[in-house]
Amino acid sequence: MFLVCSRRCGGKLFRALFAEVELDSSGAYQDHRLTQPGCVCLNCGAPALDLSEVPAEIEAEAAEDAAATVTDVLCPVCETMVQLDSNMECPNCGSPLEVA
Ligand SMILES: [Zn+2]
Ligand SMILES: [Zn+2]
């Protein structure tokens with residue numbers, strides 16, 4: 001965990017907001033949620049960011065993008081194996097293609 005103030009105010013102290021449990025009047029369990037973001041800056045009250053979690057998220061997104069955007073497809077028009085990107089047409093002959 002590496003917290004910074006989202007306003008970059010320079011504050012070094014943060015207060016953790018813990019998971020809240022909501023009860024109705026009979027005491028029955030209604031909802032359980034983790035207050036987001038998890039911490040606030042004690043200096044200015046802005047939400048704190050946990051920078052230690054960011055690189056993993058960015059890597060996961062990049063991996064998803066790479067998997068989703070390039071697909072090998074055999075074009076039925078020019079019969080060429082092409083790598084299809086997000087514009088969904090054959091880069092060789094320009095025919096519209098579908099990912100099988
Ligand atoms: Zn702050
Ligand atoms: Zn083609």
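Note that ligands are numbered from 1 as they come in the structure, with each ligand's atoms numbered from 1 the same way.
For the pair SG of Cys75 and SG of Cys90, the angle whose vertex sits at the Zn ion (ligand 2) is 110° to 10 degrees. Note: angle at the Zn ion (ligand 1), from SG of Cys44 to SG of Cys9, is 110° (rounded to 10 degrees). Vertex the Zn ion (ligand 2); arms to Cys78 SG and Cys93 SG; angle rounded to 10 degrees, 120°. Rounded to the nearest 10 degrees, the angle SG (Cys5) to the Zn ion (ligand 1) to SG (Cys41) equals 110°.
For the pair Leu49 and Arg8, the minimum side-chain heavy-atom distance is below 4.5 Å.
Under a hydrophobic-cluster definition in which Ile, Leu, Val, Met, Phe, Trp and Tyr are linked whenever side-chain heavy atoms come within less than 4.5 Å, directly or via other members, Val73 and Met88 are assigned to the same cluster.
Among all heavy-atom pairs drawn from Cys41 and Gly11, the shortest one is SG-CA, 4.2 Å. Taking all atoms of both residues into account, the shortest heavy-atom contact from Cys9 to Asn43 is SG-ND2, 3.4 Å.
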